[in-house]
Amino acid sequence: MTIITTVVKVGIADLQVAQVPNTLKTSGLGSCVGVVIYEQKVAGLAHVMLPDSTASKKSIVNEMKYADTSIDLLLEQLLTEGVCKSKLKAKIAGGAHMFSFQSDNNMLKIGQRNVEAVLAKLKEHKIPVIAQDVGGNKGRTIEFNIETGMLEVRTVNSGVMQI
């Protein structure tokens, strides 16, 4: 028997849910945060760009773009797949400071604000974060193996690590 594994790609301001034996992957995490929420055989990945949808001036908002709305949406999709909410765990990566200048203005610290918003939303849903690789000033690509629960983090010019 041959098992076919598919890499499910998640774009910027996007999210996807997949099951074993597939993997979930997103690229281009600079100040964005990749959020993986998973159970034994089902996982979801959101590529969060910004912390708060209420700051948007547009009437139609891409709910997958913001931490406060994308995690709700991802959780909703996972629950329709039959996961047990109390068994969910999370891993996150990204939230880098991509600008070379220093500023005391918190509005410019998008990576840090994204991480804080993601952690607050996960705490609100009582989903424990069991591993994270956040901050710094380099971009990341992440790939989550649903079967092993391992998140591979490739950081620009810094190699690969698994969390």
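Only a predicted model underlies this, so the values are computations on that prediction, with no experimental measurement involved.
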So [Y] and [X], do their side chains get closer than 4.5 Å, heavy atoms only?
| X | Y | result |
| --- | --- | --- |
| L78 | V17 | yes |
| I130 | Y38 | yes |
| I163 | V153 | yes |

- Item | Q40 atom CD, neighbour heavy-atom count above 12 within 6.0 Å |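 Result for CD/Q40: open.
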- Start with the C-alpha gap between E116 and R113, add the side-chain angles, then the distance that decides, and say whether salt bridge (charged side-chain N to carboxylate O under 4.0 Å, His left out) holds. CA-CA 5 Å; E116 291 169 359; R113 290 176 45 229; over 6 Å; no
[X] side, atom [atom1]; [Y] side, atom [atom2] - distance, nearest 0.5 Å:
| X | Y | atom1 | atom2 | value |
| --- | --- | --- | --- | --- |
| S53 | D72 | OG | CG | 9.0 Å |
| K85 | I37 | NZ | CD1 | 9.5 Å |
| K25 | T6 | NZ | OG1 | 13.5 Å |
| S70 | L50 | OG | CG | 10.0 Å |
| I92 | I71 | CD1 | CD1 | 8.5 Å |
| H125 | L75 | NE2 | CG | 5.5 Å |

- Message: Go through it in stages, so that I can follow the logic: the residues are H47 and L15, the test is side chain to side chain contact (heavy atoms under 4.5 Å, CB included), and I'd like the CA-CA distance, side-chain angles, deciding distance and then a yes or no.
- Response: CA-CA 6 Å; H47 186 130; L15 62 86; over 6 Å; no
If two hydrophobic side chains count as joined below 4.5 Å and joins carry through other members, does [X] share a cluster with [Y]?
| X | Y | answer |
| --- | --- | --- |
| V48 | L74 | yes |
| L24 | M150 | no |
| V156 | V134 | no |
| V36 | V20 | yes |
| I127 | M64 | yes |

- Item | Evaluation steps, salt bridge (charged side-chain N to carboxylate O under 4.0 Å, His left out), between R140 and D133 | CA-CA 10 Å; R140 295 171 172 94; D133 178 42; 3.0 Å; yes
What are the two closest heavy atoms between [X] and [Y], and how far apart are they?
| X | Y | result |
| --- | --- | --- |
| N62 | Y66 | O-CD1, 3.6 Å |
| T141 | S27 | CG2-OG, 3.5 Å |
| L29 | G34 | CD2-N, 3.5 Å |
| N137 | H97 | CB-O, 3.2 Å |
| G94 | V115 | O-CG2, 4.3 Å |
| A90 | L122 | CB-CD1, 3.9 Å |

For [X] and [Y], which I'm curious about, is there any donor-acceptor pair between the side chains at under 3.5 Å?
| X | Y | answer |
| --- | --- | --- |
| Q77 | E81 | no |
| N145 | T23 | no |
| K9 | T26 | no |

- Query: Is it true that a side-chain atom of N114 and a backbone atom of G111 form a donor plus acceptor pair closer than 3.5 Å?
  - Reply: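 Here the side-chain-to-backbone pair does not exist.
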- Task: Indicate yes or no for a side-chain donor-acceptor contact from N22 to the backbone of I146 under 3.5 Å, with no hydrogens or angles considered.
- Result: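 A pair under 3.5 Å: no.
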- Query: What do the steps show when you test L45 against Q16 for side chain to side chain contact (heavy atoms under 4.5 Å, CB included), and what is the final call?
  - Reply: CA-CA 6 Å; L45 171 61; Q16 296 287 332; 5.8 Å; no
- Task: For E63 and K65, run salt bridge (charged side-chain N to carboxylate O under 4.0 Å, His left out): C-alpha distance rounded to whole Å, both residues' side-chain angles, the deciding distance at 0.1 Å, then the answer.
- Result: CA-CA 5 Å; E63 292 181 325; K65 186 175 184 179; over 6 Å; no
- So, are K41 and E39 salt-bridged, with charged N and O less than 4.0 Å apart? no
